[in-house]
Amino acid sequence: MPPLSEARCRHAGEWTAAKPRWGLAADRPEAEALKVYAEVCETTVAPYNPAP
């Protein structure tokens with residue numbers, strides 16, 4: 001995660017959006033961490049954009 005706390009929600013949102021876009025899987029520890037950030041970062045949007 002980024003060292004600046006203000007950037008963590010945006011990073012988590014972008015990371016989460018990249019997973020389905022590129023067909024990437026998340027292992028259990030990563031998925032659990034992303035769930036924590038999803039709860040903490042309630043207003044962060046992770047839009048799905050299909051890969052080109």
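Computed from a predicted model, the values in this text were never measured in an experiment.
Taking each heavy atom of Ala17 and Pro47 in turn, the nearest pair found is CB-O, 3.3 Å. In plain terms, the two heavy atoms of Pro52 and Trp22 that are nearest each other are CD-CH2, 3.8 Å. Taking every heavy atom of both residues into account, Met1 and Ala12 meet most closely at CE-CB, 4.0 Å.
Of the possible donor and acceptor atoms, none in the side chain of Arg21 sits under 3.5 Å from a partner among the backbone N and O of Thr16.
Summarising the geometry, atom OG1 belonging to Thr44 is positioned 10.0 Å from atom CD belonging to Glu14; distances are rounded to the nearest 0.5 Å.
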